[in-house]
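These notes are about the structure you will find just below.
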Protein chains: 4
Amino acid sequence: MSLRERKIAKKKEDILRSAVRILAEKGYQGTTMEDIAANLLMTKGAVYYYFRDKQDLLYQSHQMLLERSIENVKYIQQQDISIEEKLKHSMVVHVEHVVNEQSGFELMLKPEQFFSEEQQEKLRELQAKYSHCFDEIIQEGIQMQVFRNLDKKIARNILFGAMNWVTQWYTADGKKDKKEIAAVIADYLMLMLLKNK
Amino acid sequence: MSLRERKIAKKKEDILRSAVRILAEKGYQGTTMEDIAANLLMTKGAVYYYFRDKQDLLYQSHQMLLERSIENVKYIQQQDISIEEKLKHSMVVHVEHVVNEQSGFELMLKPEQFFSEEQQEKLRELQAKYSHCFDEIIQEGIQMQVFRNLDKKIARNILFGAMNWVTQWYTADGKKDKKEIAAVIADYLMLMLLKNK
Amino acid sequence: MSLRERKIAKKKEDILRSAVRILAEKGYQGTTMEDIAANLLMTKGAVYYYFRDKQDLLYQSHQMLLERSIENVKYIQQQDISIEEKLKHSMVVHVEHVVNEQSGFELMLKPEQFFSEEQQEKLRELQAKYSHCFDEIIQEGIQMQVFRNLDKKIARNILFGAMNWVTQWYTADGKKDKKEIAAVIADYLMLMLLKNK
Amino acid sequence: MSLRERKIAKKKEDILRSAVRILAEKGYQGTTMEDIAANLLMTKGAVYYYFRDKQDLLYQSHQMLLERSIENVKYIQQQDISIEEKLKHSMVVHVEHVVNEQSGFELMLKPEQFFSEEQQEKLRELQAKYSHCFDEIIQEGIQMQVFRNLDKKIARNILFGAMNWVTQWYTADGKKDKKEIAAVIADYLMLMLLKNK
DNA sequence: TATGAATGAGCTTTCATTCAT
DNA sequence: CATGAATGAAAGCTCATTCAT
């Protein structure tokens, strides 16, 4: 990648990061291009230089979040720790990510409204990839008789719902900090999965 | 209530019901008054005859949903069944409600954007009331040594998150119908709470 | 006129009186049919029973005001008093009328916007009639060498402007009451007209 | 001021000038943003680029008119001419201004309906400033025994009313042109004020 | 690359007017 | 005669998007 391309890529990521935050805060329809640009001390026009349109920005934000999440969990998955540890750790990282980005699911709501069929396809694929990482861990845990014999998909959706909901109730001024909250949530959810608890 | 008042109340409720559904589908900003009206074969003007403005409509939708949920759980709470049954049953009803209305949490997102301080106050009160019903059951379960000694608030938020998330993944065309899904979700979440499981 | 016709006429006048006041206060475009009806504890529908449309109401209000003004000045004109007294008295009555109705000229602004050609014709006629009453007095005063030899039309327009403007600055809470103010304005304007002053 | 700022200021003034004319013609409620924009071959959106909202436009129009009037009269006041000449000249300029802008008082009607308390305060201040200029001349004339000993405020209000009313009756197609009419009005009104006439 | 003026479609809201009852 | 529910046109305003510079 040339220097120029690097610079562009860097700028794009800056914009995406800003967009993610604001989109998470105000929702897709509630966020204006002005908002996103102003937050970066740019003008709207400049944003349009990097992204075709608002929808493209949303799409790439979404994509970036998912890809980062996948990286996170992949990294954990290949570590040499117990299956129990893997799941718990994955959840902690997920919750932390959600809390940090103040997002995690605002963007995931009703994708069919915003995205083209092609884009939806790509996003579904990424989501499936991410989901699959969890499914695999759960599957392995069940086979190893560490986890109860639950329906993988339903269990995984329960985990996701419980984790993503954290943006609705966690406030930084509480007694617990992000790490503690993430740990507690993960612990509690593990109770659902673990045998002999 | 006179006949006329009854008719107005009925019409208002029709509109609210329609609004709830569409708002849940498209989000607040994504829903137009036209959408809501057209869905009922009315004109925008007619909707404005019954509601001051869009925000008023959103507020009352929200309120209606919460009040109905409170009624549901209150009804269950006073039944003569075990604490375990109470919680499970409450969850089943909640999930069914969420699935039926296709809502349950889209409306709860970022209320500070849409509502006046006064309205937020009222809604927070209703939410607190609803949450409190669950907290009480959990509390009682803990005291009776039926439930694990978890942090009530965190546990309740996990339940809510897991339940509300169902709108994201449940589709009517799956193998399981609403009732079954609701039962499974409730069962799985009970595993988190129950001792000796 | 039958009793029924009398009742209708009475109701019409009530509405006109109410309309005049509100139109004067809020302007034509700023006044809604709702405002006018509510002020009389009626419904909009009822007003439409008596008047074809809003414009008709405005037209008839206008007409009523002008006719009353003409009556006023005609009455004075036939009295057996000096020409000087006639003009002064006419002005006093005009100012009092304007102050009482809080109108007098809001309604006269840009009639071409609101009225049909036919209606404008009729109103112009009434206005001309009213103006003519003043012109005649002025004319007579000039011929009798009591008034200066001014251009009648210009002089009359100056009088009207000065008198109608009173709604802009007179407030009931001042030192002078309506009668006093009307007298002072008339006196001052007489200075413009009277010779040997 | 940079070139860009100059251009913006110029555009703003163009819009204001257009707005003043149309507002004077149709009144505040009767004027649409579309009207104002179309008159300048712009789109509504462009107008909104320069002014926050319709009310802001009205306010600034009003302000511009008043400030220009104040400049006019201030300029005359400092000239080395007799007090009589000062007043007469001020009136001539006022009438010419009113006729040219086709406004002068439509905008002054019922400001409490349109403006915020703060805006009203500012406008009252400017109006007071303008009125004060006339009051001072009148006061000086009285002290110098050139003018009759009239109530300053009432006299000034009579002058304003008479002058502003000109928009109601002066039409360019008459025998007299603007300058002549302004001179006649001023002359006639001087008769009210001057002693020994 | 970046700017910012401008566009235009679309949204919320108001209100004169109609009409069945 | 009167009501009030409903309509529909039009207004104010927003904002994604474009484009000349």
Side-chain angles (χ1 to χ4, degrees), chain A residues 4 7-8 11 28-37 40-58, chain B residues 3-5 7-8 11-12 15 28-37 40-58, chain C residues 4 7-8 11 28-37 40-58, chain D residues 3-5 7-8 11-12 15 28-37 40-58:
Chain A
R4 210 178 122 265
K7 264 176 90 175
I8 289 187
K11 198 97 186 184
Y28 180 63
Q29 314 260 13
T31 301
T32 70
M33 292 300 271
E34 189 71 48
D35 289 338
I36 293 169
L40 289 161
L41 304 177
M42 302 171 109
T43 57
K44 278 182 291 180
V47 176
Y48 274 92
Y49 183 80
Y50 295 98
F51 297 91
R52 193 177 8 272
D53 53 29
K54 189 182 174 184
Q55 205 246 48
D56 185 35
L57 190 52
L58 175 67
Chain B
L3 178 66
R4 227 192 95 246
E5 280 168 328
K7 261 175 101 173
I8 288 189
K11 198 97 188 186
K12 272 193 160 184
I15 297 174
Y28 180 63
Q29 315 257 14
T31 302
T32 69
M33 293 301 271
E34 187 74 47
D35 289 338
I36 294 169
L40 290 161
L41 304 178
M42 300 172 113
T43 56
K44 277 178 293 179
V47 177
Y48 275 94
Y49 187 80
Y50 294 97
F51 296 91
R52 197 185 351 283
D53 53 28
K54 190 181 173 183
Q55 207 247 51
D56 184 36
L57 189 52
L58 174 66
Chain C
R4 209 177 125 267
K7 263 176 92 176
I8 290 188
K11 198 98 186 183
Y28 180 63
Q29 315 258 14
T31 301
T32 69
M33 292 301 271
E34 188 72 47
D35 289 337
I36 293 168
L40 290 161
L41 304 177
M42 301 171 111
T43 57
K44 278 181 292 180
V47 176
Y48 274 91
Y49 183 78
Y50 295 98
F51 297 92
R52 191 176 11 270
D53 54 27
K54 190 182 174 184
Q55 206 247 48
D56 185 35
L57 191 51
L58 176 66
Chain D
L3 179 66
R4 227 192 96 248
E5 280 169 328
K7 262 175 100 173
I8 288 189
K11 198 97 188 184
K12 272 191 161 186
I15 297 173
Y28 180 64
Q29 315 257 16
T31 301
T32 70
M33 292 302 270
E34 187 75 46
D35 289 337
I36 292 169
L40 290 161
L41 304 178
M42 299 171 113
T43 56
K44 273 180 298 179
V47 177
Y48 277 95
Y49 186 78
Y50 293 97
F51 297 91
R52 198 183 350 281
D53 53 28
K54 188 181 173 185
Q55 208 247 51
D56 184 35
L57 189 51
L58 174 65

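Chain naming here is simple, since letters A, B, ... match the order of the sequence lines and numbering starts at 1 in each.
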Phosphate oxygens OP1/OP2 of dA2(F): is one of them under 4.0 Å from a side-chain N or O of Tyr49(C)?
no
Full working for side-chain contact (heavy atoms from CB on, under 4.5 Å) between Met42(B) and Lys11(B):
CA-CA 11 Å; Met42(B) 300 172 113; Lys11(B) 198 97 188 186; 3.1 Å; yes
Using atom [atom1] of [X] as one end and atom [atom2] of [N] as the other, report the distance to the nearest whole Å.
X: Ile15(D); N: dA6(E); atom1: CD1; atom2: P; result: 8 Å
X: Asp53(D); N: dA11(F); atom1: CG; atom2: P; result: 17 Å
X: Tyr48(D); N: dG8(E); atom1: OH; atom2: C1'; result: 14 Å
X: Gln29(C); N: dC15(E); atom1: CD; atom2: P; result: 11 Å
X: Met33(C); N: dT14(E); atom1: CE; atom2: C1'; result: 15 Å
X: Phe51(A); N: dA16(F); atom1: CZ; atom2: C1'; result: 16 Å
X: Leu3(B); N: dG4(F); atom1: CG; atom2: P; result: 13 Å
X: Tyr28(A); N: dC15(F); atom1: OH; atom2: C1'; result: 12 Å

Which part of the nucleic acid does [X] contact within heavy-atom distance under 4.0 Å: base, sugar-phosphate only, or nothing?
X: Arg4(A); result: sugar-phosphate
X: Tyr50(B); result: sugar-phosphate
X: Lys11(D); result: sugar-phosphate

Donor-acceptor pair under 3.5 Å: do we get one between Lys44(B)'s side chain and the base of dT7(F)?
no
Most 5' of Leu41(D) and Ala46(A) on DNA chain E, judged by nearest nucleotide
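Closer to the 5' end of DNA chain E: Ala46(A).
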When you match Lys54(B) and Gly30(C) each to their closest nucleotide on DNA chain E, which lands nearer the 5' end?
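Checking each residue's closest nucleotide, the 5'-ward one belongs to Lys54(B).
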Who does [N] pair with, Watson-Crick or G-U, both distances under 3.5 Å?
N: dA9(E); value: dT14(F)
N: dT3(F); value: dA20(E)
N: dA9(F); value: dT14(E)

Find the distance between NZ (Lys54(D)) and OG1 (Thr31(D)) and round it off to the nearest 0.5 Å.
6.5 Å
In Å and rounded to the nearest 0.5 Å, what is the CG to OH distance from Leu57(A) to Tyr50(A)?
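That separation rounds to 13.0 Å.
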Using the rule given for side-chain contact (heavy atoms from CB on, under 4.5 Å), can you reason through Tyr28(D) versus Gln29(C), listing the C-alpha separation, both sets of side-chain angles and the distance that settles it, and then say yes or no?
CA-CA 8 Å; Tyr28(D) 180 64; Gln29(C) 315 258 14; over 6 Å; no
Looking only at atom types and distance, does a side-chain atom of Asp35(A) sit under 3.5 Å from a main-chain N or O of Thr32(A), one as donor and one as acceptor?
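Pair found, side chain donor or acceptor close to backbone of Thr32(A).
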On DNA chain F, does the nearest nucleotide to Gly45(B) precede the nearest nucleotide to Arg52(D) from the 5' side, or the other way round? Give the residue.
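Mapping each residue to its closest nucleotide by heavy atoms, the 5'-most match is Gly45(B).
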